[in-house]
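In the text below, chain A, chain B and the rest are named by the order of the sequence lines, each starting its count at 1. Every heavy atom of this structure was used, including side-chain atoms; hydrogens, water molecules and symmetry mates were not.
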There are 2 protein chains.
Amino acid sequence: MVTINTNTPVDEELVKEKEAAFAAFIQRRGLKTTRQRNTIISTFFRMRGHISVEELLVQVKKANPRIGYATVYRTLHLLVESGLVEERRFGDGLARYEGHSAVEHHDHMICLECGLISEFYNPRLEALQESLAEENNFEIYRHRLELYGVCKDKAACEARKQQKAARAQGA
Amino acid sequence: MVTINTNTPVDEELVKEKEAAFAAFIQRRGLKTTRQRNTIISTFFRMRGHISVEELLVQVKKANPRIGYATVYRTLHLLVESGLVEERRFGDGLARYEGHSAVEHHDHMICLECGLISEFYNPRLEALQESLAEENNFEIYRHRLELYGVCKDKAACEARKQQKAARAQGA
DNA sequence: TGGATTACGAAAACTGTTTTCATTATTGAA
DNA sequence: TTCAATAATGAAAACAGTTTTCGTAATCCA
Ligand SMILES: [Mn+2]
Ligand SMILES: [Mn+2]
Ligand SMILES: [Zn+2]
Ligand SMILES: [Zn+2]
C-alpha cells in the first residue's frame, strides 16, 4: 500500500505547471482568461486536501472579496472538465475537490470521529476489481472506494477532533 | 465472485419476516403502528432493486393516494435505522434504498449506458481492504465500492437502454 | 479601438430532503 | 369503553447545496 502524505508543503513548481495546463485548456476551448479565474485557480492549487466550495471561497475572498460563489462553482466545473481536478463526495452532502496528488488515482479512508482522510493506492486491489469486472463481462471506466471507520490511534484522533472543534468555534 | 440475481420473484416468506422484524423494531422503540407505515413497508419490500423515494411513492399511492412523501421519507429513515434497509447513493443526486439481499453485504457495478446495477461480493476483496486498513492503523466500520463503466454485451446493454427510454416516454 | 463574444456577480430558481404545524390516530390506563 | 397523553400524518414552508438568469462589465481579435 502507498499511503499518500498530505502534510508536505505545496510544490510551487507543480502549481505553476497546473496553472499553465489550465491556461492551455482555456485557450483550447476558446474561453477567455480572466482575473477572477486566475485568482480562483491559483488559490485552489495552493490549498491542500479535499476542499469544499465554501472553504475555497473563503480563501479566494482574501485575494478578491468581490468574487462571488457562482464564479467559484463555474471555475471548479472547468477545472474538473480540464481533468486537473477531481470531484469527491464523502457523504456529508457537499462536493469536495482535489487536484491530483503524486499518485494519479487513489482511494480514501475516512475517520468518522476526527474527519481525517487518508489516501491510499494498492495495485492488487485495482487488479482484483478488474478481474471481478471481467468475470461479469463489464468494462470499468472509473471506480470509487471509500472505507469509513475510526483511527486506532485514539490520542491522535482525539487531538484532531479537538482541533477541529476549536477551529469551528473560532470561525 | 458472487453475482447477485435480481430477477427472481420476491419471496413472500422473506417479506413477511421483514414486516415482522419491522413491527418488532417499532415496538422496541415505543413507536406506533400505523396504516401508512404498514402500506409503505409492505410496498417497499415487494419491490426489487435500488428504489428511489419517488419510485416508492408512486407505488404507495396506488394503495393509498393520500399518503404524502413526508411520511415516505420518514418511514424510509426508520427502515434504515432498523437495519432492514440500506441507503445507497450512486451519484445521480438521489438516495436509493434496498432491502438486504441474500448476501448481507455487497458492492455494485453500474453501467453508465443502460443503468444496469450488478451486485457482487468477493471475500478476497473484503480481506484486502481489511489488511490495507490494518496497515494504516484504521478500523473499518463500513465501506462503499462502486465500479462505473459499461456492459461488454452491447446488444443486451442497448436493449435495456431502449426499454428504459420507452418507459420514461410512457411515464 | 470597435464590437462580437464571453464572463461576472447578485439574486432568483431549482432539487432533493427536512421541518413545521395544525389536525388526526394510536395506545395504555382508568 | 372512554380518556388523555403521546406520536404520526399531510400540506406547505423551510432548508442546503448548487445552478441558472439577467443586466452589466471585461476580454480579445480583426
Ligand atoms: Mn484524495
Ligand atoms: Mn445493491
Ligand atoms: Zn480519527
Ligand atoms: Zn449497460
Side-chain angles (χ1 to χ4, degrees), chain A residues 22-44 50-58 60-82 85-97 168 171, chain B residues 22-44 50-82 85-97 168:
Chain A
F22 186 69
F25 168 80
I26 289 293
Q27 204 84 327
R28 206 178 320 129
R29 280 270 210 121
L31 303 177
K32 290 174 180 171
T33 305
T34 70
R35 228 171 254 309
Q36 292 91 330
R37 292 217 268 241
N38 286 341
T39 301
I40 293 165
I41 69 154
S42 76
T43 304
F44 177 81
H50 303 85
I51 300 158
S52 69
V53 175
E54 184 75 35
E55 285 165 358
L56 177 54
L57 183 61
V58 166
V60 163
K61 275 191 180 295
K62 288 182 183 172
N64 178 354
R66 306 216 40 221
I67 293 176
Y69 61 109
T71 303
V72 172
Y73 272 108
R74 288 189 276 233
T75 305
L76 283 168
H77 290 328
L78 288 175
L79 282 167
V80 170
E81 285 178 59
S82 78
V85 164
E86 278 190 59
E87 183 179 312
R88 306 281 185 189
R89 286 171 183 277
F90 296 131
D92 59 353
L94 45 130
R96 297 182 170 277
Y97 297 85
Chain B
F22 186 70
F25 168 80
I26 289 293
Q27 204 83 327
R28 205 179 320 128
R29 280 269 209 121
L31 304 177
K32 290 173 180 172
T33 304
T34 70
R35 227 170 254 306
Q36 291 90 330
R37 291 217 268 239
N38 287 341
T39 300
I40 292 165
I41 68 154
S42 76
T43 303
F44 178 82
H50 304 86
I51 301 158
S52 70
V53 175
E54 185 75 33
E55 285 165 358
L56 177 54
L57 183 61
V58 165
Q59 293 309 116
V60 162
K61 276 192 179 294
K62 289 183 183 173
N64 178 354
R66 305 216 40 220
I67 293 176
Y69 62 110
T71 304
V72 171
Y73 272 107
R74 289 190 277 233
T75 304
L76 282 168
H77 290 327
L78 288 174
L79 282 167
V80 170
E81 285 178 57
S82 76
V85 164
E86 277 190 60
E87 183 179 310
R88 306 279 185 192
R89 284 169 184 277
F90 296 130
D92 59 354
L94 44 129
R96 297 183 170 276
Y97 298 86

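- Of the listed nucleotides (C:dC8, C:dT17, D:dG17), D:dG17 has the atom at the smallest distance from the side chain of A:Tyr73.
- Each of A:Ile51, A:Leu57, A:Val53, A:Val58 was compared with A:Glu55 under the side chain to side chain contact (heavy atoms under 4.5 Å, CB included) criterion, and only A:Ile51 meets it.
- B:Ile26 has its CD1 atom 13 Å from the P atom of C:dG28, to the nearest Å.
- Set against D:dT9, C:dG9, C:dT17, the side chain of A:Gln36 has C:dG9 as its closest nucleotide.
- If you take CG of A:Leu56 and P of D:dT18, they are 12 Å apart, rounded to a whole angstrom.
- Counting to the nearest Å, the C1' atom of D:dA8 and the CD atom of B:Gln27 are 16 Å from each other.
- You'll find that the side chain of B:Lys32 is closest to D:dA5, out of D:dA5, D:dT18, C:dT6.
- Side chain of A:Arg29 to backbone of A:Ser82: no donor-acceptor contact under 3.5 angstrom is found.
- Atom P of nucleotide D:dG17 and atom CG of A:Leu57 are separated by 13 Å, given to the nearest angstrom.
- The shortest distance between side-chain heavy atoms of A:Leu76 and A:Leu56 falls below 4.5 Å.
- Checked against C:dT18, C:dG9, D:dA11, the side chain of B:His77 finds its nearest nucleotide in C:dT18.
- Looking at A:Leu94 and A:Glu54, their side chains never come closer than 4.5 Å, going by heavy atoms from C-beta outward.
- Considering only heavy atoms from C-beta on, B:Phe44 comes within 4.5 Å of B:Val85 through its side chain.
- Heavy atoms of B:Arg37 sit under 4.0 angstrom from primed sugar atoms or phosphate atoms, though from no base atom.
- When the nucleotides D:dT9, C:dT27, C:dT17 are ranked by their closest atom to the side chain of B:Thr71, D:dT9 comes out on top.
- Comparing D:dT18, D:dA13, C:dT19 by their closest approach to the side chain of B:Ala70 singles out C:dT19.
- Closest to the B:Tyr69 side chain, of the nucleotides C:dG9, C:dT17, D:dG10, is C:dT17.
- Atom CZ in A:Arg66 sits about 15 Å away from atom P in D:dT24, given to the nearest Å.
- Contact annotation: A:Thr34 reaches the phosphate of C:dC8 (side-chain N/O to OP1 or OP2, under 4.0 Å).
- Atom-to-atom, NZ of A:Lys61 to C1' of C:dA10 comes out at 11 Å; the value is rounded to the nearest Å.
- Within the nucleic acid shown, A:Arg74 comes within 4.0 Å of at least one base atom, counting heavy atoms only.
- Between B:Thr33 and B:Gly93, the residue anchored closer to the 5' end of DNA chain C is B:Gly93, taking for each the nucleotide with the nearest heavy atom.
- Per the geometry, CG belonging to A:Leu94 stands 10 Å off C1' belonging to D:dA16, to the nearest Å.
- Between the C1' atom of C:dG16 and the CZ atom of B:Arg88 lies a distance of 20 Å, rounded to the nearest Å.
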